[in-house]
Colleague: 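Got a structure for you, questions after.
Quick note: residue numbers are just sequence positions, from 1. Just so you know, ligand 1 is whichever comes first in the structure, and atom 1 is the first atom listed for that ligand. Excluded from the calculations below are hydrogen atoms, water molecules and symmetry mates; all remaining heavy atoms, backbone and side chain alike, are included.
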Amino acid sequence: LLTVKKKTWIDISPELSPKSAVFPGDTALSLVPLMQFAKGDPLYLSALTMTPHLGAHADSPSHYHPEGCDIATRDLDFFLGRCQVIHVDLAPGERILPEHLQGKKIEAERVLFRTLSFPDPNHWRDDFNSLSPELIAWLAKHSVKLVGLDTPSVDPANDKELKSHNAIYKNDMAVLEGLVLDHVHEGFYFLIALPLKIKNADASPVRAILLEDSPWKKS
Ligand SMILES: [Zn+2]
């Protein structure tokens with residue numbers, strides 16, 4: 001039997017609220033009350049509306065390719081397992097290239113990049129860092145199957161070609177966007193970031209957490 005040691009996990013998901021910054025064109029979060037105690041109802045019940053690309057989320061291949069699968073059929077192995085957090089320090093708007101990772105060894109199948117270029121999840125800005133097709137090809141060669149970052153997209157905000165998304169599709173990688181990694185050291189962790197099983201959805205919010213490397217103990 002395996003159990004997780006207490007207090008060894010790090011939350012890497014931003015809080016979601018109507019204030020959460022959304023990609024231009026996306027629908028912000030709203031919780032519309034359907035039943036309320038103040039109105040004499042026996043329950044509080046609300047309807048949730050938002051595009052599924054808010055906060056920490058997993059894109060499904062159907063988001064960036066007409067033949068891509070939806071999030072419900074995506075293999076969970078992508079989102080569960082050993083991962084490596086890498087810090088990068090780039091100019092505003094710059095894409096991460098393999099050159100930026102000089103001296104770093106890729107030693108996990110999941111890699112999360114901390115750019116610190118989208119510092120406030122409630123304040124939109126379009127000069128965040130993103131990935132590059134060159135980086136994705138290079139990571140694929142190192143057997144990486146999931147890439148994640150602390151910005152709203154793996155391509156620049158105003159990019160229309162979506163080269164990184166396309167490279168991710170070509171290499172059948174999974175992607176996590178909108179993470180919060182400010183408080184996370186470089187190193188190895190166990191990632192848990194499971195998408196909801198929403199049929200035909202183009203993405204799903206995830207509650208992404210990192211467990212300290214080798215958190216599993218036998219009992
Ligand atoms: Zn997305």
Colleague: On the 0 to 90° scale, with breaks at 30° and 60°, tag the His53-His63 ring pair as parallel, tilted or perpendicular.
Modeller: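 Tilted, since the angle between the ring planes falls between 30° and 60°.
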Colleague: Would Arg74 and Phe78 count as a cation-pi pair here, with the cationic atom under 6.0 angstrom from the ring centre and within 45° of the axis?
Modeller: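 That pair qualifies as a cation-pi contact.
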Colleague: Using side-chain heavy atoms (C-beta onward) and a distance below 4.5 Å, is Ser204 in contact with Lys197?
Modeller: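 The answer is no; the side chains never approach within 4.5 Å.
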Colleague: Within 45° of the six-membered ring axis of Phe118 and under 6.0 Å from that ring's centre, is NZ or CZ of Arg125 located there?
Modeller: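 No, Arg125 does not sit over the ring of Phe118.
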Colleague: Walk me through it: do Thr27 and Met50 pass the test side chain to side chain contact (heavy atoms under 4.5 Å, CB included)?
Modeller: CA-CA 5 Å; Thr27 304; Met50 61 181 236; 5.5 Å; no
Colleague: Do you know how many protein N, O or S atoms are within a distance smaller than 2.8 Å of the Zn ion (ligand 1)?
Modeller: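 My tally for this metal is 4.
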Colleague: Got a donor-acceptor contact below 3.5 angstrom from the Asn129 side chain to the Glu94 backbone?
Modeller: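 Pair found, side chain donor or acceptor close to backbone of Glu94.
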